[in-house]
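These notes concern the structure reproduced below.
So that the names make sense, note that chain A is the first sequence line, chain B the second, and so on, each numbered from 1.
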Protein chains: 2
Amino acid sequence: MQTHFTIDCVVYSFFEGDLQVLLTERNEYPYKDWWALPGFFVGNLEEMEDAVKRISYELTGLKDVFMEQLGAFAGVKRHPQGRILTVAYSTIVRYDDVKSQIKPVTDYMRQAKWFPVKELPELAFDHKEIIDKSLQKLKSTVNYSTAVYELLPEKFTLTQLQQVYESILNKELDKRNFRKKIANLGFLKELPEVQKGVSYRAARLYKFDKRKFQKSFGVE
Amino acid sequence: MQTHFTIDCVVYSFFEGDLQVLLTERNEYPYKDWWALPGFFVGNLEEMEDAVKRISYELTGLKDVFMEQLGAFAGVKRHPQGRILTVAYSTIVRYDDVKSQIKPVTDYMRQAKWFPVKELPELAFDHKEIIDKSLQKLKSTVNYSTAVYELLPEKFTLTQLQQVYESILNKELDKRNFRKKIANLGFLKELPEVQKGVSYRAARLYKFDKRKFQKSFGVE
DNA sequence: ATATAGTGTGTATTTCTTACACTATTAAAT
DNA sequence: ATTTAATAGTGTAAGAAATACACACTATAT
């Protein structure tokens, strides 16, 4: 009546115009040389959220990441060597904070690498299923969640915001309608600054106002 | 790195105009004499869904119940005798099928009893938190889920359907607007029958067409 | 016949969604 | 100085959906 117990993380980031997921290459059987979600065993006295923080820190050097539980995956046959229950989390890191700092830290992972969600490799275990479920949830809550803002830098343009929406929803949106909708939300703050270093008309920068967001959704 | 592993079920039914949850009275320490969610250990080679089926069958005699995973609860301190990870499920049984058949089957449960969600007793462990989360999910998916129809008998009136919505959303709805909305859904079938044995104008009966529902949501 | 209790319906108003094309600004290239 | 290339930024009309609101109808019981 006991089971092995791990955490697996779907780590998202947004760059190069695409929603990306961080995968690790296994250096151990089973599924040696396959890509897999980063995951570890949970300590006996360790809270799941702390395990997620630990994994995030070891992989990306970041201490505070957005996280949300996805659910438990515990199929008897999901691991060839006997049941291992995993609790999956979706987490988000800002690419600016993380860029070149990704490092696999254990000897059972050869490397870690970002993949655009559109071009995922074949995955070990039931990790494809976990990612699919995570993406589906991200999609269905995109309007009610702070996730899109976690994917963006603190100051962002409306075009960037639209790109995040588009890559999550996997469809194109009309620019004018999108801006109208965003303007109605009431929790974006227009900054007195514009983009720098671009060779075309610089776009206005905006900032997400979390307090107002929480007010309009009754503090979640 | 191993943990005890249980399933807890939030079992819903609808009767007496209220959404109800089935609770069991514990006959064992810790939390002896407290009300708790029905739950059991999961067998080593048992799929979680099968454990849920087993629990449902033992409590209610039903073989097929609607079920949906809520998530894992694994706080280090949730159980005074050491970590027990539980995976919570929401399940729904039709009251007509179940009525007086509720029976606690083990010696560690004294009785099982329905409680309206509005009037829950104090609960053992973190079960209050689990129920709250389950109710919140039910609420937020009420329009996209078959749950409301699982709560109703096969043939139902629009008033009954409205009552189910109202008890899930915990607010009153306008009858005319509700019917207009329902009519637009397109997956309710009007039957040539009406209610029997009522001492007022008999209401038209309707039936849920699952195939059409799935079509309109792209088969989930 | 009449009281009761719940069924069943329509319309106007507002709000949200969708569809759609041009001008403005900037840096770089000539 | 002018042109080019790239992206930012904006408004309006039509249709769809959501909301607010009140009364007549019908089956039964007494």
Side-chain angles (χ1 to χ4, degrees), chain A residues 14-18 139-144 148 152-153 155-207 216-217, chain B residues 14-18 139-144 148 152-153 155-207 213 216-218:
Chain A
F14 184 80
F15 56 90
E16 290 166 16
D18 274 319
K139 208 166 173 173
S140 68
T141 60
V142 68
N143 286 309
Y144 320 107
V148 283
L152 289 167
K155 299 172 183 184
F156 53 85
T157 69
L158 295 183
T159 299
Q160 288 176 309
L161 181 58
Q162 184 174 342
Q163 285 170 346
V164 172
Y165 266 82
E166 288 179 338
S167 61
I168 290 175
L169 297 175
N170 196 24
K171 68 171 180 189
E172 300 200 343
L173 301 173
D174 177 87
K175 201 209 283 198
R176 281 163 298 183
N177 293 339
F178 180 76
R179 283 164 186 241
K180 206 188 312 169
K181 187 176 180 147
I182 291 301
N184 282 333
L185 292 178
F187 45 74
L188 288 199
K189 192 174 171 185
E190 188 174 330
L191 298 174
E193 309 161 55
V194 295
Q195 243 177 344
K196 288 232 165 110
V198 289
S199 69
Y200 44 79
R201 176 173 176 180
R204 167 93 23 207
L205 291 170
Y206 290 79
K207 195 165 127 178
S216 59
F217 289 102
Chain B
F14 183 80
F15 56 90
E16 290 166 15
D18 274 320
K139 207 165 171 171
S140 68
T141 60
V142 68
N143 286 309
Y144 320 107
V148 283
L152 289 167
K155 300 173 182 183
F156 53 84
T157 69
L158 296 182
T159 300
Q160 288 176 309
L161 181 58
Q162 185 174 342
Q163 285 170 346
V164 171
Y165 267 82
E166 288 179 340
S167 60
I168 290 174
L169 297 175
N170 196 24
K171 71 172 179 188
E172 300 200 344
L173 302 173
D174 179 86
K175 201 209 285 198
R176 285 159 299 182
N177 294 338
F178 179 76
R179 284 165 184 241
K180 210 185 311 171
K181 187 178 181 145
I182 291 298
N184 282 332
L185 293 178
F187 46 73
L188 288 199
K189 190 172 173 188
E190 189 176 327
L191 297 175
E193 307 161 57
V194 294
Q195 243 177 346
K196 288 236 164 111
V198 288
S199 70
Y200 44 80
R201 177 174 173 181
R204 168 86 29 200
L205 291 169
Y206 290 78
K207 196 165 128 179
F213 174 89
S216 60
F217 289 100

Checklist entry - Are the side chain of B:Gln162 and the backbone of B:Leu173 linked by a donor-acceptor contact shorter than 3.5 Å? => result yes
Item to check | 5' priority, DNA chain C, between B:Ala203 and B:Ser199 [closest heavy atom] | outcome: B:Ser199
Checklist entry - For A:Thr159, which contact category applies under a 4.0 Å heavy-atom criterion: base, sugar-phosphate, or nothing? => result sugar-phosphate
Checklist outcome for this item: Separation of D:dT12 atom C1' from A:Arg179 atom CZ, nearest Å, is 17 Å
Next on the checklist: As an exercise, state the distance from CD of A:Glu193 to CZ of A:Arg204, rounded to the nearest 0.5 Å.
Outcome noted: 9.0 Å
Item to check | Whole angstrom value for the distance that separates P of C:dT7 from CZ of B:Phe156 | outcome: 14 Å
Checklist entry - Rounded to the nearest 0.5 Å, what separation is found between the CZ atom of A:Phe178 and the CG atom of A:Leu161? => result 4.0 Å
Next on the checklist: Using a heavy-atom cut-off of 4.0 Å across all strands, would you classify A:Arg204 as base, sugar-phosphate, or nothing?
Outcome noted: sugar-phosphate
Checklist outcome for this item: For A:Lys181 and A:Asn143 the tightest heavy-atom approach is CE-OD1, 4.0 Å
Next on the checklist: With nearest nucleotide decided by heavy atoms, which residue, A:Val198 or B:Thr157, maps closer to the 5′ end of DNA chain C?
Outcome noted: B:Thr157
Item to check | Euclidean distance, atom CD of residue B:Gln195 to atom P of C:dA5 [Å, nearest integer] | outcome: 16 Å
Checklist entry - How many Å lie between OH on A:Tyr206 and C1' on D:dA8, as a whole number? => result 10 Å
Checklist entry - Parallel, tilted or perpendicular: which fits the ring planes of B:Phe217 and B:Phe187, with parallel below 30° and perpendicular above 60°? => result tilted
Item to check | Per-nucleotide protein contact string for nucleotides 13-24 of chain C, where B marks a base within reach and S marks sugar-phosphate only (heavy atoms under 4.0 Å, - for neither) | outcome: -----BBBB--B
Checklist entry - How many Å lie between CD on B:Glu172 and P on D:dT19, as a whole number? => result 15 Å
Checklist entry - Just how far, in rounded Å, is C1' of D:dT19 from NZ of B:Lys171? => result 11 Å
Item to check | Rounded distance in Å - CG (B:Leu205) to P (C:dT7) | outcome: 11 Å
Item to check | Nucleotide D:dT30, atom P - distance to OH of B:Tyr200 in whole Å | outcome: 15 Å
Checklist entry - Just by modelled atom types, is the A:Gly17 backbone N or O under 3.5 Å from a matching donor or acceptor in the A:Gln163 side chain? => result no
Next on the checklist: Assess the residue pair A:Leu205 and A:Thr157 against the criterion (side-chain contact (heavy atoms from CB on, under 4.5 Å)); give the C-alpha distance rounded to whole Å, side-chain angles, the decisive distance to 0.1 Å, and a yes or no.
Outcome noted: CA-CA 5 Å; A:Leu205 291 170; A:Thr157 69; 3.8 Å; yes
